[in-house]
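Structure first, commentary second.
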Amino acid sequence: MLRVHFTADDIAHVRVAAAPDPLWEIVNSFQALIREENALAFGEWRRIVRPRLGPADGLLASLLPPRGYFPDFLTPDLGGSLGLESAVDTVLGTPRAGLRGDLATLAASPARPRPLPAEARALAEGTLDALQRLGAALHGYHRRALAAFWPHIRAQVDADRAVRARAVLGGGTRSAGP
């Protein structure tokens with residue numbers, strides 16, 4: 001088990017997201033989509049979304065294994081800006097060294113059954129065409145798999161935020177855990 005120790009200063013800087021992060025929603029939902037667990041929570045959504053997937057989602061499939069490491073550049077710190085357009089722009093602005101490093105880590109992952117496809121290797125080089133395909137894949141997947149459900153996702157984040165706010169206001173940060 002991993003234990004993380006926070007200082008008082010760390011706790012003072014903790015923030016609770018005001019809205020869903022579109023990139024984390026893309027990553028987590030894509031991984032949930034390709035796994036078979038949690039059928040009660042995700043079964044209906046999978047039944048609706050899976051037929052909407054197409055060849056453009058192949059790049060995401062190569063970058064987002066069902067478990068284990070995925071490239072950090074897909075979930076950058078957005079600095080509080082949670083719009084899809086600016087989030088994708090942040091991903092596409094990842095320096096080449098970051099792309100190469102993250103994709104080398106992904107390629108070396110013990111959970112990876114086969115080498116990365118050529119499309120992912122082109123992304124590691126940061127070619128304009130590869131970055132454009134990644135941007136299109138992120139936008140397309142969001143449109144097909146998440147956009148119609150965004151009000152529900154937002155409501156879940158709002159509800160969680162309210163629970164955490166009540167816990168902090170009622171008992172301080174010590175009581176704010178899940």
Side-chain angles (χ1 to χ4, degrees), residues 16-94 98-99 102-103 105-107 109 111-124 126-163 178:
V16 177
D21 180 312
L23 297 172
W24 276 104
E25 294 298 331
I26 287 170
V27 166
N28 290 330
S29 69
F30 195 90
Q31 290 179 317
L33 187 63
I34 57 180
R35 290 194 302 250
E36 294 299 326
E37 51 202 42
N38 297 321
L40 187 60
F42 298 115
E44 180 66 12
W45 173 76
R46 285 182 185 125
R47 187 189 64 70
I48 293 167
V49 171
R50 282 179 176 160
R52 297 177 182 176
L53 297 182
D57 299 300
L59 177 57
L60 293 181
S62 69
L63 298 175
L64 298 171
R67 286 187 171 63
Y69 179 81
F70 64 86
D72 291 332
F73 68 78
L74 290 174
T75 54
D77 178 359
L78 299 175
S81 174
L82 295 174
L84 178 63
E85 194 65 41
S86 64
V88 171
D89 286 347
T90 301
V91 169
L92 301 183
T94 303
L99 295 170
D102 286 0
L103 290 168
T105 301
L106 178 63
S109 172
R112 184 144 194 90
R114 55 191 174 281
L116 288 175
E119 193 171 30
R121 290 193 301 273
L123 186 58
T127 68
L128 182 58
D129 185 49
L131 289 168
Q132 287 174 335
R133 283 194 310 272
L134 176 60
L138 292 167
H139 279 288
Y141 176 79
H142 187 277
R143 184 178 57 256
R144 289 186 301 278
L146 297 174
F149 301 94
W150 204 252
H152 177 73
I153 294 166
R154 176 63 195 239
Q156 293 295 314
V157 169
D158 290 346
D160 183 69
R161 185 177 169 91
V163 166

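Every value quoted in this text rests on a predicted model; they were computed, and no experiment measured them.
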Smallest separation among heavy atoms of [X] and [Y], with atom names:
X    : Y    : value
A147 : P151 : O-CD, 4.0 Å
L103 : P71  : CD2-CG, 4.0 Å
D102 : F73  : OD2-N, 2.8 Å
V91  : L74  : CG2-O, 4.1 Å

**Request:** Could I get the full list of salt bridge (Lys or Arg N to Asp or Glu O under 4.0 Å) partners for D89, not counting sequence neighbours?
**Result:**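 Partners of D89 by the salt bridge (Lys or Arg N to Asp or Glu O under 4.0 Å) criterion come out as none, since no residue qualifies.
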
**Message:** Just to verify, what does D72 make a salt bridge (Lys or Arg N to Asp or Glu O under 4.0 Å) with, not counting sequence neighbours?
**Reply:**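 Scan of D72 (salt bridge (Lys or Arg N to Asp or Glu O under 4.0 Å), adjacent residues dropped) gives none.
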
**Message:** Please enumerate all residues that pass side chain to side chain contact (heavy atoms under 4.5 Å, CB included) together with S86, with sequence neighbours excluded.
**Reply:**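 Side chain to side chain contact (heavy atoms under 4.5 Å, CB included) check on S86 returns S81.
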
Partner set under side chain to side chain donor-acceptor pair (under 3.5 Å) for [X], not counting sequence neighbours:
X    : result
T127 : none
R144 : D57
S29  : Y141
R161 : none

**Request:** Kindly state each residue pair satisfying side-chain hydrogen bond (donor to acceptor under 3.5 Å, both in side chains) with at least one member in residues 146-155, sequence neighbours excluded.
**Result:**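 Those involving residues 146-155 are R154-D158.
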
N/O donor to acceptor pairs below 3.5 angstrom from side-chain atoms of residues 114-124, sequence neighbours left out:
from	atom 1	to	atom 2	distance (Å)
E119	OE2	R133	NE	2.8
R121	NH1	L116	O	2.5

**Request:** Dump the intermediate steps for side chain to side chain contact (heavy atoms under 4.5 Å, CB included) on I48 and E44, then the final yes or no.
**Result:** CA-CA 6 Å; I48 293 167; E44 180 66 12; 3.9 Å; yes

**Gap separating the OG1 atom of T90 from the CG atom of D77, nearest 0.5 angstrom** =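 The CG atom of D77 is 9.0 Å from OG1 of T90, to the nearest 0.5 Å.
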
Donor-acceptor list for residues 17-28 side chains, cut-off 3.5 Å, not counting sequence neighbours:
from	atom 1	to	atom 2	distance (Å)
D21	OD1	L23	N	2.8
D21	OD1	W24	N	3.1
N28	ND2	W24	O	3.3

With distance as the sole test, does [X] use its side chain to make a donor-acceptor pair with the main-chain N or O of [Y] at under 3.5 Å?
X   : Y    : answer
W45 : L146 : no
R50 : L33  : yes
R46 : R35  : yes

Distance-only check: which donor-acceptor pairs under 3.5 Å involve side-chain atoms of residues 60-67, not counting sequence neighbours?
from	atom 1	to	atom 2	distance (Å)
S62	OG	L59	O	2.7
R67	NH2	E37	OE1	2.4
R67	NH2	E37	OE2	3.1

**Item:** Contacts of type ring-ring contact (aromatic ring centres under 6.0 Å, His included), residue H139, not counting sequence neighbours
**Value:**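 Partners of H139 under the ring-ring contact (aromatic ring centres under 6.0 Å, His included) test: none.
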
